[in-house]
Asks: 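I have a structure here, written as structure tokens, and I will follow up with some questions on it.
As the structure is a prediction and not an experimental result, all values here were calculated from the model. Sequence lines set the chain letters: A, B, ... in the order given, protein chains first and strands last, and positions in each chain run from 1.
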Protein chains: 2
Amino acid sequence: MADNLPADTATRILDAAEALFAEHGFDGASMRMITSQAGVNLAAVNYHFGSKEGLFQEVFHRRLAELNKQRLACLDALEAESAGAAPKPSRVLEAFFGPALEMAADTARGGATFMRLLGRTYTEPAEFIRKFMAVEYAEVVERYTRALYAALPDVPKAEIVWRLHFMMGAVSYAFSGIDALALVTGRFDDDPALLKPRLTAFLLGGLRAPLPDGPEGKSGP
Amino acid sequence: MADNLPADTATRILDAAEALFAEHGFDGASMRMITSQAGVNLAAVNYHFGSKEGLFQEVFHRRLAELNKQRLACLDALEAESAGAAPKPSRVLEAFFGPALEMAADTARGGATFMRLLGRTYTEPAEFIRKFMAVEYAEVVERYTRALYAALPDVPKAEIVWRLHFMMGAVSYAFSGIDALALVTGRFDDDPALLKPRLTAFLLGGLRAPLPDGPEGKSGP
DNA sequence: GTCTATAGGAGGATAGAC
DNA sequence: GTCTATCCTCCTATAGAC
């Protein structure tokens with residue numbers, strides 16, 4: 001994105017699209033905005049990606065393939081290191097969110113922009129988006145849920161799935177960076193280096209929280 | 001929304017808009033969709049709300065005014081009950097998220113739809129949206145951050161603000177209900193009555209988590 | 001392969017009849 | 001107050017020149 005080498009047409013489009021989708025959303029960013037920011041012709045999007053949806057999907061695939069490959073590698077390393085024993089929950093979380101946090105801190109090569117886009121897209125449930133996200137994430141989610149089941153044998157599986165859900169929400173929101181709160185509380189310090197330990201501490205606290213009672217104390221005897 | 005009494009034009013528009021904005025977003029839901037679903041004429045939106053943005057804003061104001069009034073009342077009651085002492089963090093969280101969770105469980109009168117819209121809108125940072133959200137939330141955020149500072153005297157204020165940020169993310173995401181995970185893990189049970197205790201336990205765990213070290217152990221001597 | 005030009009439709013908004 | 005008819009802008013996609 002911030003490379004000063006001249007990139008090829010397809011890459012220039014992907015970079016411009018990433019930034020504009022992050023800022024305006026899928027509908028809000030028009031192909032005219034994208035192609036003019038990329039310095040290419042309007043028709044180039046259809047030529048290279050088939051359609052606007054195809055472009056959107058490729059923006060995600062480019063980054064997510066890399067991100068999820070790293071996540072799987074981290075988990076492989078962790079499981080090899082533990083040699084059969086269940087790894088600690090904190091290590092599993094770190095393996096999962098670490099690569100994402102690194103990407104979010106990489107402002108130079110557009111990683112930060114992409115993570116904002118990703119956070120925002122989790123709540124944009126257009127049909128075609130859900131479809132390819134499911135495919136893109138399938139293996140990672142499957143492996144990590146199993147790892148968490150093993151790491152937290154005392155927490156019911158349904159509870160773990162929910163908590164993974166909550167964690168992804170907290171992380172998405174932190175990435176999407178709208179700072180709805182900041183508008184009111186005043187801009188608080190947001191050194192990206194501090195985000196990682198803060199977020200990790202919070203997530204781990206939530207993940208290992210004492211189990212809730214049933215609704216209004218309806219839990220078993 | 002599900003009332004079978006004939007509502008007036010403005011209300012019919014608001015109800016239809018709420019549902020369609022929740023499903024398709026601000027740009028994705030057109031005025032033609034909204035007015036045809038409401039069974040009113042296209043021109044009625046401009047007559048009653050001035051513009052599409054005016055309509056969007058009013059959709060939020062209608063619900064948020066009520067929601068935030070309840071939140072302030074809950075905090076008032078809590079502080080009166082504690083008579084000068086700092087209330088427990090769990091009680092403060094309950095006062096803040098309780099009314100929202102109740103609204104999210106109210107499928108009959110459209111509260112659930114609205115909370116999905118709200119969750120989604122937190123990550124749609126269009127300029128005019130941020131503007132009126134800041135106004136709508138100003139008093140609530142101000143009062144609750146102060147309450148949390150008092151409830152958690154050992155946690156640095158900056159950390160509390162961050163954690164409030166993370167919590168709102170987890171909650172938004174839970175409400176927006178896309179279930180990116182559910183696509184992969186299989187539809188897990190989502191009895192709305194179970195959401196509240198689960199979410200509360202998670203949030204409280206995160207809020208009270210042990211403080212993080214600095215980045216990579218850079219904390220003080 | 002990349003561009004120009006344009007098709008063909010949908011968008012929000014408004015003027016004026018009723 | 002509500003509806004009809006219409007304006008003008010903007011969209012995505014494509015056909016065909018270079």
Asks: Rounded off to whole Å, could you give me the NZ-to-C1' distance for the A:Lys52 and D:dC11 pair?
Replies: 8 Å
Asks: Is A:His48 close enough to C:dT2 that one of its side-chain N or O atoms is under 4.0 Å from OP1 or OP2 there?
Replies: yes
Asks: Whole Å only: how far is the OH atom of A:Tyr47 from the P atom of D:dG16?
Replies: 17 Å
Asks: Does B:Arg146 pair with B:Glu142 as a salt bridge, N-O distance under 4.0 Å?
Replies: yes
Asks: Does B:Ser30 make a side-chain N or O approach to OP1 or OP2 of C:dG11 shorter than 4.0 Å?
Replies: yes
Asks: Taking A:Glu79 first and then A:Arg143, would you say they form a salt bridge - that is, a charged N and a carboxylate O separated by under 4.0 Å?
Replies: yes
Asks: Just checking B:Ala44: base, sugar-phosphate only, or nothing, at a heavy-atom cut-off of under 4.0 Å?
Replies: nothing
Asks: Can you tell me the distance, in whole Å, between the CE atom of A:Met31 and the P atom of C:dT4?
Replies: 15 Å
Asks: Measure CD1/A:Ile34 against C1'/D:dA13 and give the value in whole Å, please.
Replies: 14 Å
Asks: Does one side chain, of A:Gln70 or A:Glu66, offer a donor that lies under 3.5 Å from an acceptor on the other?
Replies: yes
Asks: For DNA chain C, whose closest nucleotide is more 5', that of B:Leu42 or that of A:Thr9?
Replies: A:Thr9
Asks: Does A:Asn46 have a side-chain nitrogen or oxygen under 4.0 Å from the phosphate oxygens OP1 or OP2 of D:dT14?
Replies: no
Asks: If you pin A:Met33 and B:Asn41 to their nearest nucleotides in DNA chain D, which one's is more 5'?
Replies: B:Asn41
Asks: Round to the nearest Å and state the distance from A:Glu53 atom CD to D:dC11 atom P.
Replies: 17 Å
Asks: Please report, rounded to the nearest Å, how far the C1' atom of C:dG11 is from the CZ atom of A:Arg32.
Replies: 13 Å
Asks: Over how many whole Å does the gap from A:Phe49 atom CZ to D:dT14 atom P extend?
Replies: 16 Å
Asks: How close or far is atom P of C:dA10 from atom NE2 of B:His24, stated in whole angstroms?
Replies: 15 Å
Asks: What are the two closest heavy atoms between B:Val171 and B:Phe97, and how far apart are they?
Replies: CG2-CE2, 3.4 Å
Asks: Where the side chain of B:Ala43 is concerned, which of D:dC3, C:dT4, C:dA13 is the nearest nucleotide?
Replies: D:dC3
Asks: Salt bridge (Lys or Arg N to Asp or Glu O under 4.0 Å) with B:Glu18: which of B:Arg109, B:Arg12, B:Arg63, B:Arg120?
Replies: B:Arg63
